[in-house]
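Structure first, commentary second.
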Amino acid sequence: MPHFSLARSFSLSIHTKNSRLFTQHLPTTATSAEKFYTHMQKNPNNIEKSLSNVNAQLDSACVNQVLNRCFPSQSLMGIRFFVWAGLQSSYRHSSFMYDKACELFKITLNPSVFNDVIEAYRKEGCIVRVRTMKVLLNLCEKSGLADEALWVLRRMPEFNLRADSVMYNVVIRLFCDKGDMVMADNLRKEMGLIDLYPNMITYVLMIKGFCIVGRLEDACGLLMAMRRLGCTPNSVVYSVLLDGVYRLGSTERALGLLDEMEKDGGGCSPNVVTYTSVIQVFCEKGMMIDALGILDRMEAYGCAPNRVTVSTLIKGFCTEGKVEEAYMLIDKVVAGGCVSSGECYSSLVVELIRIKRPKEAEKLFREMLANGVKPDGLACSLMIKELCLEGHALDGFCLYEEIEKIGGLSSIDSDIHSMLLVRLCQESHSVEAAKLARFMLGKRIRLKTSSFDKIVEHLKKSGNEDLVKRFTRIGR
DNA sequence: GTAGGGTTAG
């Protein structure tokens, strides 16, 4: 039957792909993933009940492999495995794994999976714990599904489970992000009714949400309400409110709030984030004098600016085309000793590229290298990328070698390496391409999948078959 | 839970 053979060859191709990965890089996890998968195939009913009897090591590579085996024909089983894995004491899903699961099973496009999973638990009489629901809720959160998250919360009583405030906060955050402050506020009120008091995190989320939708009075009202309820607002709460008040255009009121915070001197004194967000608002409005005023003000208050503060100001000056003033600012800040010249000039390089002044960026970048000032990873990456895009891959490679000399290569990722290598190939700089390829192999930096074929073709043509073999060996 | 330069990997 054509249909059958198609399905078979499809599942076979997934199998082969994974097996290749296993044998090349992850020989031990391959066995684990195989064990879990085979076990689920043999025990399709209430898989959770016996999965813990499988004698296999659980880690992220293994979970990833099992998910890939289950996709696409056994997605429900895959998600159930994912949830089960998240409950094991020996293992915890990283945020990356949640992303992986959401992406693989296309949860945003199939939000009904939550219903399917919970229905399956109910029908098969599975043991469902609060943690089970938390894993499902985290999947909703990663996929940005507010309604489904609320739905998961609502199904808990059926299993005699009670949500905690962390779970409520997850759902509240989703509704705040959606701009549905009516639902968010209802949930906050509901917490109080079931003896789950909203905490500092709840208030931060709510106040931020109210500010974003322009409901300033409600945001301020919450500040009063939390005080009344004995939850004393801290610097974070104040900073969020201050930022919102500012963004909504009430400059005077915002500065009044900042005054209040400074005078309080207690748990809600302004910190570097508070001041930086005020500076950011001034910068966005092109009010650079006022932004600098806040910098002086924070220093007078004894709060040291950091990398973010300075890069915000540099960005502001560059956007206004006032590059000279950015240099003056850097001189001042570096003399103050809180932020290194490497960090400051790196920010300037990044901003010069952003405002399309790549020549100045390159000049500054070269000066940094000549003076032993180490550019950060972003500055290096963007500088090399910019040169590649301009068709100056050879210059990019020279810079690359300079960066290596001062030990700054560790923060350049494989994408930039692949891009530089592709461009060197395209511009026919075979000697440099081979040199970069050898360097990458030495550091076990893989080629990006999308550039693999192009690079391999060029390396073959230029007589570097040995390099091709080595790249093939370390995989894509 | 607040500012946050670009993308991606586990």
Side-chain angles (χ1 to χ4, degrees), chain A residues 21 25-26 29 59-65 67 91-101 103 165-166 169-170 172-173 176-177 198-209 211-212 222 226 231 233-244 246-247 261 268 270-284 291 294 298 303 305-316 318-319 343-355 361 375-386 411-419 445-446 448-450 475-476:
Chain A
L21 265 174
H25 313 297
L26 311 156
T29 51
D59 58 28
S60 60
C62 162
V63 172
N64 197 17
Q65 293 304 324
L67 296 187
Y91 169 81
R92 227 187 157 81
H93 288 311
S94 59
S95 145
F96 176 78
M97 283 308 295
Y98 275 103
D99 279 337
K100 270 269 182 206
E103 189 196 352
S165 45
V166 177
N169 284 343
V170 168
I172 288 175
R173 180 189 293 112
C176 288
D177 288 347
N199 57 21
M200 203 72 83
I201 295 168
T202 321
Y203 287 113
V204 168
L205 295 172
M206 292 295 306
I207 290 174
K208 191 176 176 183
C211 288
I212 289 171
L222 268 190
M226 64 187 292
C231 181
N234 64 7
S235 302
V236 180
V237 175
Y238 266 99
S239 299
V240 170
L241 183 61
L242 175 62
D243 189 62
Y246 237 139
R247 287 186 187 280
M261 292 173 77
C268 65
N271 58 24
V272 62
V273 180
T274 321
Y275 285 113
T276 303
S277 67
V278 174
I279 287 174
Q280 195 192 50
V281 179
F282 276 130
C283 288
E284 282 170 9
I294 300 292
M298 72 187 282
C303 178
N306 64 15
R307 189 178 54 81
V308 183
T309 321
V310 180
S311 68
T312 304
L313 285 160
I314 291 172
K315 183 179 188 170
C318 288
T319 307
E343 290 173 311
C344 292
Y345 289 118
S346 292
S347 292
L348 186 51
V349 167
V350 170
E351 290 308 318
L352 285 169
I353 293 172
R354 194 182 58 81
I355 62 168
D376 66 16
L378 186 65
C380 293
S381 298
L382 291 186
M383 195 69 249
I384 291 174
K385 188 175 165 186
E386 179 64 30
S411 46
I412 298 182
D413 60 29
S414 76
D415 268 17
I416 298 288
H417 278 95
S418 288
M419 182 181 203
I445 299 170
R446 292 178 194 179
K448 214 182 144 191
T449 313
S450 56
R476 299 184 184 210

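What you see is a predicted model; the values in this text were computed from it and never measured. Letters A, B, ... are given to chains in the order of the sequence lines, protein chains preceding strands, and every chain is numbered from 1.
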From CD of A:Glu386 across to C1' of B:dG5 the rounded distance in Å is 15 Å
Do A:Arg354 and A:Glu351 sit within salt-bridge range, that is, some charged N less than 4.0 Å from a carboxylate O?
yes
All heavy atoms of A:Ile412 vs all of A:Ser381, minimum pair found to be CA-OG, 4.1 Å
When rounded to whole Å, the CD to P distance for the pair A:Glu284 and B:dA3 reads 11 Å
Considering only heavy side-chain atoms of A:Asn234, the closest of B:dT2, B:dA3, B:dG1 is B:dG1
Rounded to whole Å, the CG-P distance (A:Leu242 to B:dG1) equals 20 Å
Per nearest nucleotide of DNA chain B, the residue lying toward the 5' end, A:Ser95 or A:Asp243, is A:Asp243
Establish whether the base of B:dG5 is bridged to the side chain of A:Ser347 by a donor-acceptor pair shorter than 3.5 Å. yes
Taking for A:Ser381 and for A:Met200 the nucleotide of DNA chain B with the nearest heavy atom, the one nearer the 5' end belongs to A:Met200
> Distance check: side-chain N/O of A:Arg307 vs OP1/OP2 of B:dG4, anything under 4.0 Å?
Replying inline: no
(Q) If the threshold is 4.0 Å, N to carboxylate O, is there a salt bridge linking A:Arg173 and A:Asp177? (A) no
A:Phe282 CZ to B:dA3 P, in whole Å, measures 18 Å
Which part of the nucleic acid does A:Asn271 contact within heavy-atom distance under 4.0 Å: base, sugar-phosphate only, or nothing? base
With the side chain defined as heavy atoms from C-beta on, A:Thr276 is closest, among B:dA3, B:dT2, B:dG1, to B:dA3
A:Lys208 side-chain N/O to B:dT2 phosphate OP1/OP2 under 4.0 Å: yes
Looking only at B:dG6, B:dG4, B:dT2, the nucleotide nearest the A:Gln280 side chain is B:dG4
note: A:Glu351, atom CD; B:dG4, atom P; distance rounded to Å ~ 12 Å
Looking only at B:dG1, B:dG6, B:dG10, the nucleotide nearest the A:Leu382 side chain is B:dG6
- Under 3.5 Å donor-acceptor pair, A:Asp413 side-chain atoms to B:dA9 base atoms: no
**Study point:** Verdict with reasoning, A:Asp243 to A:Ser239, per side chain to side chain contact (heavy atoms under 4.5 Å, CB included)
**Key:** CA-CA 6 Å; A:Asp243 189 62; A:Ser239 299; over 6 Å; no
Atom CD1 of A:Ile384 and atom C1' of B:dT7 are separated, to the nearest Å, by 15 Å
Exercise. Name the nucleic acid region contacted by A:Val273, choosing base, sugar-phosphate or nothing; use a 4.0 angstrom heavy-atom cut-off, strictly under.
Key: base
When rounded to whole Å, the CE to P distance for the pair A:Met97 and B:dT8 reads 18 Å
Practice problem: Ignoring hydrogens and angles, tell me if any N or O in the side chain of A:Ser418 forms a donor-acceptor pair with the backbone of A:Lys448 under 3.5 Å. | Solution: yes
Regarding the side chain of A:Val236, the nearest nucleotide among B:dG10, B:dT2, B:dG5 is B:dT2
Test for a donor-acceptor pair under 3.5 Å between the base of B:dG5 and the side chain of A:Asp376, counting only N and O atoms.
yes
Over all strands shown, is A:Asn306 touching base, sugar-phosphate only, or nothing at heavy-atom distances under 4.0 angstrom? base
So CE of A:Met261 and CG of A:Asn271: to nearest 0.5 Å the spacing works out to 7.0 Å
To the nearest angstrom, the OH-P distance between A:Tyr91 and B:dG10 comes to 13 Å
Closest to the side chain of A:Ser346, out of B:dG1, B:dT2, B:dG5, is B:dG5
